[in-house]
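Written out below as structure tokens is the structure these notes cover.
Basis for what follows: all heavy atoms, side chains included, without hydrogens, waters or symmetry-related copies.
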Amino acid sequence: MQRIDSLEDIGEGLEALVRADARLADVRAIAHAVPLRRSTPGFESLASIIVAQQLSTASADAIWARLKQVIDPLTPAGFIAGGEEAWRFAGLSRPKQRTLFTLSEALTEGALDLHGLCDLPAEEAIGQLTVLKGIGPWTAEVYLLFAAGHPDIFPAGDVALQAAVGHAFAQDPRPDAIALRTLARQWAPWRGVAARLFWAYYAAIKGREVAPVL
């Protein structure tokens with residue numbers, strides 16, 4: 001598997017995507033710079049994605065900052081030890097408290113290896129992550145995109161990606177997750193770069209960051 005580890009990898013992927021789908025040339029021109037957005041595999045990376053679920057960038061940033069303030073260092077054992085008082089102070093919802101606690105338990109007990117997941121085929125890695133209650137396909141896919149640098153994952157359930165593709169291709173109503181996943185097949189094996197491209201495109205037309213918080 002060729003990981004997306006550098007801006008050169010992004011550039012290679014963009015060139016391949018434009019050759020495969022000429023419509024993406026205009027999307028690329030509007031998006032301009034497509035950032036790498038890589039994070040270090042492990043608990044902090046996945047926890048930040050869980051915190052960001054269904055929140056604005058500003059809200060997620062604020063909660064994440066408070067969580068790291070009250071639990072330092074932010075490790076699985078540290079999260080468990082922090083307890084409900086710390087979790088409430090950070091602003092975590094009850095469902096996210098439960099998800100992060102379940103994840104922390106799995107990691108401290110050795111039932112899950114977040115670094116090892118990065119070397120697995122996408123479907124197998126997603127399957128191991130989504131076994132944990134509260135971690136759905138979107139969370140697993142975003143983790144593998146940004147922590148593992150997986151080149152061929154497209155989080156079709158992401159609302160910003162649906163809106164971006166709908167806007168770029170003048171589709172009204174915008175494609176839902178099923179339609180977008182089908183559409184994205186033509187961008188294999190560079191769907192991870194295509195996702196970054198459409199997040200950058202939507203940020204350009206909206207004037208604000210829409211990619212998941214890391």
Side-chain angles (χ1 to χ4, degrees), residues 35-118 120 125-150 153 155-164 177 192 195-196 198-200 202-203 206-214:
L36 176 62
R37 294 180 62 82
R38 281 295 305 274
S39 62
T40 302
F43 175 71
E44 273 206 34
S45 179
L46 182 52
S48 72
I49 296 166
I50 292 168
V51 168
Q53 292 171 350
Q54 299 178 323
L55 290 178
S56 69
T57 300
S59 295
D61 281 347
I63 293 171
W64 184 246
R66 288 195 298 269
L67 184 61
K68 294 196 71 174
Q69 172 190 340
V70 73
I71 301 177
D72 184 19
L74 182 55
T75 63
F79 183 84
I80 293 171
E84 290 189 16
E85 184 176 350
W87 307 339
R88 286 196 303 269
F89 170 83
L92 290 170
S93 66
R94 287 283 187 180
K96 290 182 181 180
Q97 291 178 26
R98 289 192 293 269
T99 299
L100 288 168
F101 180 80
T102 299
L103 171 63
S104 298
E105 274 197 326
L107 292 171
T108 56
E109 293 171 0
L112 181 67
D113 178 4
L114 290 178
H115 291 79
L117 283 179
C118 296
L120 297 178
I126 291 168
Q128 288 195 25
L129 284 169
T130 53
V131 164
L132 298 179
K133 188 174 182 180
I135 296 182
W138 180 88
T139 303
E141 289 166 345
V142 169
Y143 177 78
L144 293 173
L145 264 182
F146 296 128
H150 200 291
I153 288 175
D158 187 273
V159 173
L161 286 181
Q162 294 171 12
R196 287 171 168 85
F198 277 103
W199 273 316
Y202 203 57
K206 290 294 185 181
R208 58 182 173 83
E209 184 58 67
V210 292
V213 174
L214 298 175

Starting from the C-alpha separation in whole Å, work towards a yes-or-no answer on side chain to side chain contact (heavy atoms under 4.5 Å, CB included) for E141 and H150. CA-CA 9 Å; E141 289 166 345; H150 200 291; over 6 Å; no
Is there side-chain contact between [X] and [Y], with heavy atoms separated by less than 4.5 Å?
{"X": "L112", "Y": "L117", "value": "yes"}
{"X": "R196", "Y": "L145", "value": "yes"}
{"X": "F198", "Y": "D158", "value": "no"}
{"X": "W199", "Y": "P155", "value": "yes"}

How many angstroms lie between atom [atom1] of [X] and atom [atom2] of [Y], to the nearest 0.5 angstrom?
{"X": "L129", "Y": "L144", "atom1": "CG", "atom2": "CG", "value": "6.0 Å"}
{"X": "I50", "Y": "W64", "atom1": "CD1", "atom2": "CH2", "value": "9.0 Å"}
{"X": "L100", "Y": "L67", "atom1": "CG", "atom2": "CG", "value": "7.0 Å"}
{"X": "R94", "Y": "R88", "atom1": "CZ", "atom2": "CZ", "value": "6.0 Å"}
{"X": "I80", "Y": "L103", "atom1": "CD1", "atom2": "CG", "value": "9.0 Å"}

Is [X] reaching over with its side chain to a backbone N or O of [Y], donor-acceptor style, under 3.5 angstrom?
{"X": "Y143", "Y": "L114", "result": "yes"}
{"X": "K133", "Y": "R98", "result": "no"}
{"X": "S48", "Y": "S45", "result": "yes"}
{"X": "W87", "Y": "F79", "result": "yes"}
{"X": "H115", "Y": "P41", "result": "yes"}

For [X] against [Y], the heavy-atom pair lying closest together:
{"X": "L120", "Y": "Q128", "answer": "CD1-NE2, 3.5 Å"}
{"X": "P137", "Y": "T130", "answer": "N-CG2, 3.8 Å"}
{"X": "P76", "Y": "S104", "answer": "O-CB, 3.5 Å"}
{"X": "V51", "Y": "A60", "answer": "CG1-O, 4.0 Å"}
{"X": "L74", "Y": "K68", "answer": "CD2-CG, 4.0 Å"}
{"X": "W138", "Y": "G157", "answer": "CD1-C, 4.3 Å"}

Step by step, would you call T99 with T139 a side chain to side chain contact (heavy atoms under 4.5 Å, CB included)? CA-CA 11 Å; T99 299; T139 303; over 6 Å; no
Walk me through it: do Y202 and Q162 pass the test side chain to side chain contact (heavy atoms under 4.5 Å, CB included)? CA-CA 10 Å; Y202 203 57; Q162 294 171 12; over 6 Å; no
